[in-house]
Amino acid sequence: MTPETSVRVRFAPSPTGFLHIGGLRTALYNYLFARRHHGVFVLRIEDTDRNRFVEGAAEKLLETLHWAGLSWDEGPDIGGPYGPYVQSERLALYRQHAESLLREGKAYRCFCSPEELDRQRRKQAEEKRPPMYDRRCRTLSRETSDARAKAGEPFTIRFRVPLTGETVFHDAVRGEIRISHAVIDDQVLLKSDGYPTYHLANVVDDHAMRISDVIRGEEWLPSTVKHTLLYEAFGWPPPRFAHLPLLLNPDRSKLSKRQGDVAVEEYRAQGFLPEALINFVALLGWSSPDEREILSMDELAALFSLDRVGKAGAIFDIEKLRWFNGRYFRALPLEERVRLCIPHLERAGYDTRDPIRTARIVDALSNHLVLPADIVEEAAIFFRAPALPASATEVPPFSQGQEKAVLRAFLTGVRTVVPWERGQIKKLLERIQGELGVRGKELYLPIRIALTGKSHGPELPVVAELLGPEECSRRLEPFTVG
RNA sequence: GGCGCGUUCGUCUAGCGGCCAGGACGUGGCCCUCUCAAGGCCAAAACACGGGUUCGAUUCCCGUACGCGCUACCA
C-alpha cells in the first residue's frame, strides 16, 4: 500500500445551467489526476444557491460529462460510501457544523439585514474604504444573541476571522501563498435561509468525503485562506490545494458567454468530437512531457501531473480546436464518419438510400471536413446538377480552345467505360489525353467544371465514378451541342 | 480602492543559470497533384520594462507597467 492509494479528488459543479468549458477542464484534470494516482474521483453537486438553481441542470451536467468520456467512482447517480453527493441533501450536516463553531465562539450570529449590509458597502465605497462587513454583530453578547434568535429574528452565522496575523498555505501550482487576516471578511457560513455558503459546505464536504487534493480554478485562490482557517477551526487537516489557471476570452478576460460559446453542450451540438475537445482542453494549462500533442484519454491519464500545469491564463483558441477535430474525424473508421454525416445529408434533402454510394461520398470528402455538418456544402455536387452558364454552349475559356473537343470526347467515352469505376475512368482520361494531345488542366478543368460547376473538388475520376455514367452524360450534354 | 495571481512567437506552450530560445495551431512558400483538401518539407514570428545577484540571466531577487481574479446571505 503506497500513500497514493489514498488520493481522492472531486469535481463539484453548481447546477446553474450548462457545463462550462472551464468546468470541463477542471473536471478533466481531477479525473486524470485520480487515474494517474489510482485514486478516486468524486462528483458532487453544489446546489446551495436556491436563486440560481436550474431544474434539470444537474442531470444534464452528468450526461455531458459522460459524453466527454469522463466517469466517476462516487456521485449522485451511483452513490458511494460518503453520500449523499448533493449538498441540498446534506443541510443538517452543515447546520450542525455551523452550530458547533457557534458554540465554541469561533462563529457568531449576525442579525444585519441584506439591505443594511448593502448600505454599509455603498458608504464604504463612497469613502473609498475597502468594502468589508463592519463586524458590528461580532461583539454581541451571547445572551443578546440567544435572545434575539429566540425571538425569531433572522440571522446568518458568520465566521470569526482572526483580526491579526496571516495564513500561509501551499499551492501545488503556485507555491507558497500568504495572505494577511486583516483583509479577510467575517465570512457568512450559514445563510438566513438555513443553507450553507460555498465556503462552509465545501470545507465540510471535502473533509467528510476524505478529499485529499482540491484541484479547482484560480478564482478560488483568494478564498483558500478562509478555507484553511475553517479547517483549523474544525481541527481538521486541510487537503492539498492546486489552483488551475483561468481559461480566457480572446481579449484575455475570464472566459464567458458573449464572446463565443462556453457551453460544452454547444460544441457537442456543433458536432465537435469528445476526443478532440478533451485533447484540446487538456492542453490548455498543461503540457505533455514529450512533444506529442495528439493524446487519447488513456495517454493523458498516464502522463498527467500537476507540476506540468502552467500558471498563466490560456486563451481558448477555436482554430486549434477545429484542427484537432479535423484530425480526429479523419482518423475515425469510415462507418463512423458516415454515421456522423448522414443526419446532415438527410436534413439537406440529399438521397442517402444507397449506403455504398453514401459511404463513398463521405470517404471522398472526409479530407475537406472539420465538422460533420460541413459535408452538406461539400456534397452538393453529387446531388444537384450545377447551374448552367448563361449560354449552355459556353464553357470557361482555356488557352488552347479545345475544351469542347475534350468534353465531346469524354461524353463519347463515357459509354465505353466498363466497369464504371475510377480506374477505368482514369484510363479514359488518359486515352483522351493521347488522342487530343491535351493534358493537365486543359483536360481536367473543362470536365470538372461541366460536371460540378466548380474548379475545385475531389479527384475527377472519383467525382465521375460517384456521379455515374448517366448523370455524367446528362451534365455534359448541354456543353457539347452546337 | 484593497488583497492576490500572472507576463516566452498572433494563439497554446517547452525551458527549471551557459540553448542558433524548441514544438503545435494559424500564416507564407515549396513538394505531391487536373484543382481543392489532406499529407510532407521549409520559412517568418517571442523571452513586457528597469534595476540588481552572478563570470554569465528567459531562468534567481526587487521595483515598474500591463493583464486577470477575488473583495456577496453566488459559486
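Below, read A as the first sequence line, B as the second, and so on, with proteins coming before strands; counting in each chain starts at 1.
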Whether A/Lys191 contacts B/A75 is assessed here as follows: a side-chain N or O lying under 4.0 Å from the phosphate OP1 or OP2. Is that the case? yes
Closest of B/A37, B/C73, B/G4 to the A/Ile179 side chain is B/G4
Residues that A/His97 engages under ring-ring contact (aromatic ring centres under 6.0 Å, His included), provided they are two or more places apart: A/Phe234, A/Trp236
How close or far is atom C1' of B/A37 from atom CG of A/Leu460, stated in whole angstroms? 16 Å
Rounding to a whole Å, what distance do you find between A/Trp286:CH2 and B/A14:P? 11 Å
Among B/C70, B/A72, B/U13, which nucleotide has an atom closest to any side-chain atom of A/Ser287? B/U13
Just the rounded figure in Å: distance from P of B/U7 to CG of A/Leu246. 14 Å
When rounded to whole Å, the NZ to C1' distance for the pair A/Lys226 and B/C70 reads 8 Å
Does A/Thr48 place a side-chain N or O at less than 4.0 Å from the phosphate oxygens OP1/OP2 of B/A75? yes
Could you check whether A/Trp220 and A/Tyr198 have their ring centres less than 6.0 Å apart? yes
Classify the angle between the aromatic ring planes of A/His227 and A/His199 as parallel (below 30°), tilted (30 to 60°) or perpendicular (above 60°). tilted
Would you verify whether the NZ or CZ of A/Arg148 falls within 45 degrees of the ring axis of A/Phe155 while also being under 6.0 Å from that six-membered ring's centre? no
Are any of A/Arg252's side-chain N or O atoms less than 4.0 Å away from OP1 or OP2 of B/G10? no
Nucleotide of B/U71, B/G69, B/C74 approaching A/Arg52 most closely (side-chain heavy atoms): B/C74
Just distance, no hydrogens or angles: give the donor-acceptor pairs under 3.5 Å from side chains in residues 276-283 of chain A, sequence neighbours left out.
residue, atom, partner, partner atom, Å
A/Asn279, OD1, A/Leu295, N, 2.8
A/Asn279, OD1, A/Tyr328, OH, 2.5
A/Asn279, ND2, A/Glu293, O, 2.8

Return yes if the base of B/C34 and the side-chain atoms of A/Arg448 contain a donor-acceptor N/O pair under 3.5 Å, otherwise no. yes
In whole angstroms, the gap separating C1' of B/A72 from OH of A/Tyr195 amounts to 18 Å
Under the ring-ring contact (aromatic ring centres under 6.0 Å, His included) test, which residues partner A/His20, sequence neighbours left out? none
A/Asn51: what forms a side chain to side chain donor-acceptor pair (under 3.5 Å) with it, not counting sequence neighbours? none
Give me the residues of residues 151-165 of chain A where at least one heavy atom lies under 4.0 Å from an atom of RNA chain B, by number, or none. A/Thr156, A/Arg158
Can you check whether A/Ser192 has a side-chain N or O nearer than 4.0 Å to OP1 or OP2 of B/C73? no
Please enumerate all residues that pass salt bridge (charged side-chain N to carboxylate O under 4.0 Å, His left out) together with A/Arg50, with sequence neighbours excluded. A/Asp193
As a test of reading the structure: which of B/U13, B/A14, B/C36 is closest to the side chain of A/Arg308, going by heavy atoms? B/A14
Output the single nucleotide from B/A75, B/A72, B/U35 whose closest atom is nearest the side chain of A/Asp185. B/A72
Please check the phosphate of B/A14 (OP1 and OP2 only) for any side-chain N or O of A/Arg292 closer than 4.0 Å. no
Please produce a list of atom pairs where a protein N or O lies less than 3.5 Å from an N or O of nucleotides 21-31 of chain B.
residue, atom, partner, partner atom, Å
B/G23, O4', A/Glu291, OE1, 3.4
B/G23, O4', A/Glu291, OE2, 3.2
B/G23, N2, A/Glu293, OE2, 3.1
B/A24, O2', A/Glu293, OE1, 2.7
B/A24, O2', A/Lys320, NZ, 3.4
B/A24, N3, A/Lys320, NZ, 3.2

Among pairs that include at least one residue of residues 358-367 of chain A, which meet side-chain hydrogen bond (donor to acceptor under 3.5 Å, both in side chains), considering only residues two or more places apart or in two chains? A/Arg337-A/Asp363, A/Arg337-A/Ser366
Taken to the nearest whole Å, NE2/A/His368 to P/B/C36 is 10 Å
Could you pull out all donor-acceptor pairs under 3.5 Å where a side-chain atom in residues 368-382 of chain A meets a protein atom, sequence neighbours excluded?
residue, atom, partner, partner atom, Å
A/Asp374, OD2, A/Val370, N, 3.1
A/Asp374, OD2, A/Leu371, N, 3.0

